Amino acid sequence: MPELPEVEGVVQALKPKMEGRTIQQVQLSEVIRFSFGEGKQCIVKQAEPDAFEMSLTQMTITKIERRAKYIFFHMRKENVPYVLVSHLGMTGAWFVVNSPEEINEAKFQKHIHATFKMADGGFLIYSDIRRFGELRFLEKIEDHTPLTKMAPEPFDEIACDYFIAQSKLPKYENKSVKEVIMDGQVISGCGNIYATEALFAQKIHPARKMNRISEKRKRALFEAIVTVLRQSINAGGSTISDYRNINGEAGSMQNRLQMYGKKMCPVCDTATSQMTIGGRTSVFCPNCQH
DNA sequence: GCGAGTTACCGGTGGC
DNA sequence: TGCCACCGGTAACTC
């Protein structure tokens, strides 16, 4: 499950290997083609498979950057800029290899969905087991509304004030804190794992209503989120089930998690509780978090 | 036009 | 061994 720190790791690894290179040929999987024929948008969004392949052919990757949990591949063809937006969903992974056979994990090998053959040799490959990821080819970011509504990067100095302001809006003030901090229009890139960790660190119950938290506590919570995201980036991300970096390696943050996926509270040894908030599983310590 | 709520997208995993 | 419910980030759709 790649979250912001995992995506950051992917981007940092992709940058030196892919920036400046030109795509010679693109090939989408049969699954994508078949799904499109069925009227579905499997991985490739708002484009016909043929048109998507053609659009990216002869495109030069100028810059790769992360925004929330999205990867932006900025590109250029005949001096016109474009961008390929990638989201890894639950199980997406990028690989930079000399040949597709180099992907040695069977389940990633089996679910290769986009193969980019580079003009100077080698391949950039997108694999996605559960196909929750997306590839979206745009002329500019503004062409896709959800991307324009995203909160600032959590490391941006205005991000905390932005969070405070958003949290006071009518549509958020009566919601649970966990739902609000996981909303990309409030804080960007805070998924279930890191929301769970930050709430535990601040001893806040995930179901507590936003308007029952003081501004001081909200600021402390925001800092806790930033801290846990930074820690995880430094640890190479959390490898929960299927995350791999572009070399197929796992991260180590999962070993440092205090609450996500835990049966016992590491502070007071009470059995943890679980409830569904905003449709997502939430783990917390009923003794420590109020 | 906007917001709230619902559905779609999936295969690996683990429990029985 | 085999079946089946469960899981989840985001967009798109409906109301």
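As the structure is a prediction and not an experimental result, all values here were calculated from the model. Proteins get letters first, then strands, A, B, ... in listed order; numbering begins at 1 in each.
Nucleic acid contact for A:E38: none, since no nucleic acid atom lies under 4.0 Å from a heavy atom of the residue. A:K69 comes within 4.0 angstrom of the backbone, heavy atoms only, and of no base.
A distance of 6.0 Å or more separates the ring centres of A:F116 and A:F123. Annotation: A:F284 is not in aromatic contact with A:F200 [ring centroid separation under 6.0 Å not met]. Ring-centre distance between A:H113 and A:Y126: not below the 6.0 Å cut-off. Between A:F73 and A:W94, the ring centre distance stays below 6.0 Å.
Put simply, A:R130 has no side-chain N or O that comes within less than 4.0 Å of OP1 or OP2 on C:dT10. Phosphate proximity of C:dA11 to A:H144: present, with a side-chain N or O under 4.0 Å from OP1 or OP2. Applying the 4.0 Å criterion to OP1 and OP2 of B:dC10, one finds that A:T91 has every side-chain N and O outside that range. Taking only side-chain nitrogens and oxygens, A:K40 comes nearer than 4.0 Å to OP1 or OP2 of B:dC10.
A:Q41 places its CD atom 12 Å from the P atom of C:dA11, with the value rounded to the nearest Å. Between the CZ atom of A:R131 and the P atom of B:dG12 there is a distance of 9 Å, given to the nearest Å. Rounded to an integer number of Å, the gap from CG of A:N192 to C1' of C:dT10 is 14 Å. Distance CG (A:L4) to P (C:dT10): 10 Å, rounded to an integer number of Å. Going from atom NE2 of A:H87 over to atom P of C:dA11 covers 7 Å, rounded to whole Å. When the P atom of B:dC10 is taken as reference, atom NZ of A:K107 falls 19 Å away, rounded to whole Å. Put simply, CD1 on A:I129 is 14 Å from C1' on C:dG8, counting in whole angstrom units. Atom CG in A:L135 sits about 15 Å away from atom C1' in C:dA11, given to the nearest Å.
The closest side-chain donor-acceptor pair between A:K149 and A:Q185, if any, does not fall under 3.5 angstrom. In this structure, a donor-acceptor pair under 3.5 Å is absent between the side chains of A:Y82 and A:S55.
A:F132 qualifies as a stacking partner of the B:dC9 base, centre to centre under 5.5 Å and near-parallel within 30°.
Residue A:K171 places its side chain closer to B:dA4 than to any other of B:dA4, B:dC10, C:dA12. When distances run from any side-chain atom of A:Y70 to the nucleotides C:dT10, B:dT13, B:dG11, the shortest one goes to C:dT10.
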Intra- and inter-strand pairing of DNA chain B, written as dot-bracket with Watson-Crick and G-U pairs under 3.5 Å and | for the latter, reads ..||||||||||||||

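Looking at residues two or more places apart in sequence or on another chain, you find no side-chain hydrogen bond (donor to acceptor under 3.5 Å, both in side chains) involving A:Y162.
Side-chain N/O atoms of A:R280 and base N/O atoms of C:dC7 include no donor-acceptor pair closer than 3.5 Å.
When the nearest nucleotides of DNA chain B are assigned to A:V31 and A:K149 by heavy-atom distance, the more 5′-ward of the two goes with A:K149.
Applying the ring-ring contact (aromatic ring centres under 6.0 Å, His included) rule to pairs touching residues 5-47 of chain A yields nothing, sequence neighbours excluded.
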